[in-house]
Amino acid sequence: MKPVKMPIFAIVPVIAAILCTACSEKLPDGMPKLYPVSVKITQDGAPLADASVSLVPNDPNLSRWPVAANTDASGTAKLYTYGYPGCPEGSFKVTVTKTEATGGGTDGNPAISQSKTPTRIYWLVEKSFRTADTTPLSLEVKSGKNAESTFDVGKPAREEKLGPENLTH
């Protein structure tokens, strides 16, 4: 039997199709279709870097699919759902948090700290933006392409966050 010679241009698409199929991830069962969504977070008009953004769905059926991201230096967050890029269609409340740790030494961990100064953690975003019950921010995600939405979280805040050492048992 004589080997079959195939031109290279006929083999490349077949190999590419096999590789793409092998690399594609299977989405979890029941996960809704996701659409690219990014938001820009500002504080008093300036980009807010290193903030955590979460979308809390108004539809309880979507609550099993957490949507979140962190902002980059420009205040932009590309949202992910359950670790997959994009966001399901629906109406959401937008929460924004950012904290800062001071004192305590290495990584703010008192157990490995050489410092006698206790670790203090501060909220840097006003309380009203940090929970779904109080946030005035909302976002409607539609199927297809969504324009980037900008949200301002008001004046800078510095409210001490209570840690385990401050709680009574």
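- Contacts classified as ring-ring contact (aromatic ring centres under 6.0 Å, His included) and involving residues 131-162 (residues at least two apart or in different chains) are not found.
- Annotation: side-chain hydrogen bond (donor to acceptor under 3.5 Å, both in side chains) contacts of Thr76 (sequence neighbours excluded): Ser74.
- Side-chain contact check for Leu139 versus Val94: some heavy-atom pair is nearer than 4.5 Å.
- Looking at residues two or more places apart in sequence or on another chain, you find no side-chain hydrogen bond (donor to acceptor under 3.5 Å, both in side chains) involving Ser128.
- Hydrophobic clustering, with ILVMFWY side chains joined whenever heavy atoms are under 4.5 angstrom apart, groups Tyr82 together with Leu27.
- In this structure the side chain of Leu79 reaches within 4.5 angstrom of the side chain of Leu55, judged on heavy atoms.
- For Asn146, the side chain to side chain contact (heavy atoms under 4.5 Å, CB included) partners at least two apart in sequence or on another chain are Tyr35, Val37, Val141, Lys142.
- The side-chain heavy atoms of Leu34 and Pro85, taken from C-beta on, include no pair separated by under 4.5 Å.
- Applying the side chain to side chain contact (heavy atoms under 4.5 Å, CB included) test to Asp50 and every residue at least two apart in sequence or in another chain returns Lys98.
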Would you sort out whether Tyr80 and Val67 count as a side chain to side chain contact (heavy atoms under 4.5 Å, CB included), showing the intermediate values? CA-CA 5 Å; Tyr80 282 75; Val67 180; over 6 Å; no
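- Sequence neighbours left out, the pairs with a member in residues 62-71 that pass side-chain hydrogen bond (donor to acceptor under 3.5 Å, both in side chains) are Ser52-Asn70.
- One finds no salt bridge joining Glu100 and Arg120 here, because no Lys/Arg side-chain nitrogen approaches an Asp/Glu carboxylate oxygen to under 4.0 Å.
- Residue pairs that meet the salt bridge (Lys or Arg N to Asp or Glu O under 4.0 Å) test with at least one member in residues 27-45, sequence neighbours left out, are Lys26-Asp29, Asp44-Lys155.
- For the side chain to side chain contact (heavy atoms under 4.5 Å, CB included) test, no residue two or more places apart in sequence or in another chain qualifies with Ser138.
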Would you sort out whether Val53 and Thr95 count as a side chain to side chain contact (heavy atoms under 4.5 Å, CB included), showing the intermediate values? CA-CA 6 Å; Val53 179; Thr95 64; over 6 Å; no
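- Between Thr81 and Gly86, the shortest heavy-atom contact is OG1-O, 2.7 Å.
- Nearest approach of Ala73 to Pro47, heavy atoms of both residues: O-CB, 4.0 Å.
- Put simply, CZ on Arg158 and OG1 on Thr99 are 11.0 Å apart, with the number rounded to the nearest 0.5 Å.
- Sorted by first then second residue, the salt bridge (Lys or Arg N to Asp or Glu O under 4.0 Å) pairs that include residues 125-135, not counting sequence neighbours, are Arg130-Glu159.
- Cluster note: Leu124 groups with Tyr122 through ILVMFWY side-chain heavy atoms spaced under 4.5 Å, whether in direct contact or through intervening members.
- Between Val96 and Ile41, the closest side-chain pair of non-hydrogen atoms falls below 4.5 Å.
- In this structure, Cys87 and Phe92 have side chains that are in contact, with non-hydrogen atoms separated by less than 4.5 Å.
- Within the structure, the salt bridge (Lys or Arg N to Asp or Glu O under 4.0 Å) test picks out no pair touching residues 144-153 (sequence neighbours left out).
- Every residue meeting the side chain to side chain contact (heavy atoms under 4.5 Å, CB included) condition with Asn58, not counting sequence neighbours, appears here in chain and number order: Ser91, Lys93.
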